[in-house]
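Have a look at the structure below before the remarks.
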Protein chains: 2
Amino acid sequence: MTVSVRDVAELAGVSVGTVSNVLNRPEKVSPATVARVTTAIERLGFVRNDAARQLRAGRSRTIGLVVLDVRNPFFTEVARGAEERAAERGLSVLLANSDEKTERELTYLDLFEEQRVAGILVTPVAENMPRLRLLRDRGIPVVLVDRESKDEAFASVAVDDVEGGRIAADHLLDQGRRRLAFVGGPVSIRQVSDRLEGAQRAVAEAGGTIEFIGTGALTVDEGRIAGQAIVAREPARRPDAVFAANDLLALGLLQSLVMAGDVRVPEDLALIGYDDIDFSAAAVIPLSSVRQPAKLIGSTSVDLLLSTTESDEAKRRHVVYTPELVARASSVL
Amino acid sequence: MTVSVRDVAELAGVSVGTVSNVLNRPEKVSPATVARVTTAIERLGFVRNDAARQLRAGRSRTIGLVVLDVRNPFFTEVARGAEERAAERGLSVLLANSDEKTERELTYLDLFEEQRVAGILVTPVAENMPRLRLLRDRGIPVVLVDRESKDEAFASVAVDDVEGGRIAADHLLDQGRRRLAFVGGPVSIRQVSDRLEGAQRAVAEAGGTIEFIGTGALTVDEGRIAGQAIVAREPARRPDAVFAANDLLALGLLQSLVMAGDVRVPEDLALIGYDDIDFSAAAVIPLSSVRQPAKLIGSTSVDLLLSTTESDEAKRRHVVYTPELVARASSVL
DNA sequence: CTGTTAGCGCCTTCAC
DNA sequence: GTGAAGGCGCTAACAG
């Protein structure tokens, strides 16, 4: 049923070693032999068995990527960046979705370890570091994505979220707003707490107030719920500006606010999100946001991962990008 | 460096066969031995090598899924459906993105074949059938996703796109519209041509006209471009209703139209999309759409794939879901 | 330049 | 209930 190198060798009248050479180092084989072997491969419909290669190599040619939410376009962009760079290096990317759940993250980490992946790219849910350290100690390179590593134990590619939070808040303050609200959660996600912290600092410096409105997840639905809560308040008690922890939340908020009818964006309430996903520019009231170089984050992660394998000091390398304000109609009069 | 069953066996004072049994059929081993082996596994930090298992088994425990566009939330929903069902069956899903390009599709198909995946779920770009037939003939189950198989050679899970097109157009006609436009492309994608066909039939029956406005891909950007083209026309020459081949296009269209200022949605132009992605309900002018049961499509595909392995007649099974109208503000006065 | 050979780590008979 | 042995398909020495 299944065609192996042995069958190919037999048909071509050469040895299996030669077939392997044709496959992997054709320049070491005479053109005539290459041709014979190639013909045999085609005639037989031979396809390499990757499992056998991996077993031999001791490691697979796949990189595992665990993200918080595949439905968030920001992460699919990161994935695309990683995928493209990996493809250039002859590797493929296995995309896994933790859904912000520690348990799911662990399941995928186990799976990846069983597969002896070439490396793991992960945006950890919470303080799940022991497992990651174990992975690293067992020889699997780990790179933290979109998350600076506090303990310096891992290479990481991140965006300065504290700075991003400050940028967002500063922008709202520059527009003359003073009663800010931060919508986001859970705070156990570092991105959320950092952005909040940056915003708080900006407000502390410029004068003004910032209240915290918690959400259960970073989704459109949760944004919608938070928006309804704001609309339900009497006008005087509403914030005059909202900074949402990501664009999904901001889009949900926007919908609730506009549907309510009596909250005008940006006149009554300026709104800014985070990530600058495609849908933000396409929103009918285009959404201001803080842009992160998503694709670049993905490709850089792969680069770091691969250099990690080479040198030891690379293991601790950290790349931090600075986010960028994208001001649109939702926050500018 | 790497710990194998042999090491575990040694430490536990048993043979490798017993370790294997503990791993795969613990009920066949005495509790005491199980305990000893388990302890040894933990002490050593043993992790199964999946490549070796696969090599032995001759097939992997992974399903390959090739979609047209990972950035389209419809497909990520399909993927989630597939993933969940696969997980229940102890399989994992490898998600690949063809970006509507035949070449990329072929690359992934090759990759999957080398990996001896348990099966392939694919939304083919175009008439790439010969390669798929080959795969199937070599023993890899193939299920066509979101695409009815014309030649009956493959199992498939689809939504009746002709009917969906009719539903969309009928809805617009019911609203009293008569000068329709269909925005979408390329028509080499079956979903596009089918939806167009359904719409054309509906128009033919009810009276009215429908023009075709082609796009290069099914993306927000292309929708925006098409929208600008419509806005550029003098008002009398604009359609009074637009049916977009998917929600991404519709969202892009919506943005162009609204930004233009002089086209009111739905008063001057009613708009309906297709897929009912999350962002559609969240749009500030909520978008009407034709809903497809995305998650169900994914999970059913996996079911079909697995039953394909069991019986031969299952190979030709076809599941067709009927889409459903979701009328929102963008098309209803 | 080509052939031979020895495993990679696991699982599954087949004996005991 | 447990142990020993063979082999899945491939590649990288090492000979020739």
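A, B, ... follow the sequence lines: proteins, then strands. Residue 1 opens every chain.
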If you check the [X] side chain, which of [options] turns out closest?
X: Arg6(B); options: dG1(D), dG9(D), dC8(C); result: dC8(C)
X: Thr18(B); options: dG3(D), dG9(C), dG9(D); result: dG3(D)
X: Asn49(A); options: dG9(C), dC10(D), dT2(C); result: dC10(D)
X: Val5(B); options: dT4(C), dT2(C), dC10(C); result: dC10(C)
X: Arg25(A); options: dA12(D), dC10(C), dG3(C); result: dA12(D)
X: Arg56(A); options: dG9(D), dT2(D), dT4(C); result: dG9(D)

Whole angstroms only, please: what is the [atom1]-[atom2] distance between [X] and [N]?
X: Glu10(B); N: dG9(C); atom1: CD; atom2: P; result: 14 Å
X: Asp50(A); N: dC8(C); atom1: CG; atom2: P; result: 19 Å
X: Lys28(A); N: dA13(D); atom1: NZ; atom2: P; result: 11 Å
X: Asn24(B); N: dT2(D); atom1: CG; atom2: P; result: 15 Å
X: Asp7(B); N: dG9(C); atom1: CG; atom2: C1'; result: 10 Å

Answer whether the closest heavy-atom distance between the side chains of Leu144(A) and Pro124(A) falls below 4.5 Å.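 The answer is yes; the side chains approach within 4.5 Å.
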Within a strict 4.5 Å, meaning less than it, do heavy atoms of the Asp303(A) and Arg89(A) side chains meet?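 They are in side-chain contact.
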When you measure from the side-chain N and O atoms of Thr2(B) to the phosphate of dC8(C), is any distance below 4.0 Å, counting only OP1 and OP2?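 So the side chain of Thr2(B) is outside the cut-off, no N or O lying under 4.0 Å from OP1 or OP2 of dC8(C).
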[X] near the nucleic acid: base, sugar-phosphate alone, or nothing, with a heavy-atom cut-off under 4.0 Å?
X: Val19(A); result: nothing
X: Gly17(A); result: base
X: Ser20(B); result: base
X: Arg53(B); result: sugar-phosphate

Between Asp110(B) and Arg131(B), does any side-chain N to carboxylate O distance fall below 4.0 Å?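 Salt bridge: yes.
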State whether Arg85(B) and Glu88(B) are salt-bridged, where the test is any N-O pair (Lys NZ or Arg NE/NH1/NH2 against Asp/Glu carboxylate O) under 4.0 Å.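 Answer for the salt bridge query: yes.
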Assuming nearest nucleotide by heavy-atom distance, tell me which of Ser15(B) and Arg116(B) is located more 5' along DNA chain D.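 By nearest-heavy-atom nucleotide position, the 5'-most residue is Ser15(B).
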For the student: nearest non-hydrogen atoms of Val3(B) and Leu44(B), plus distance: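 Heavy atoms only, the tightest pair is CG2-O, 3.5 Å.
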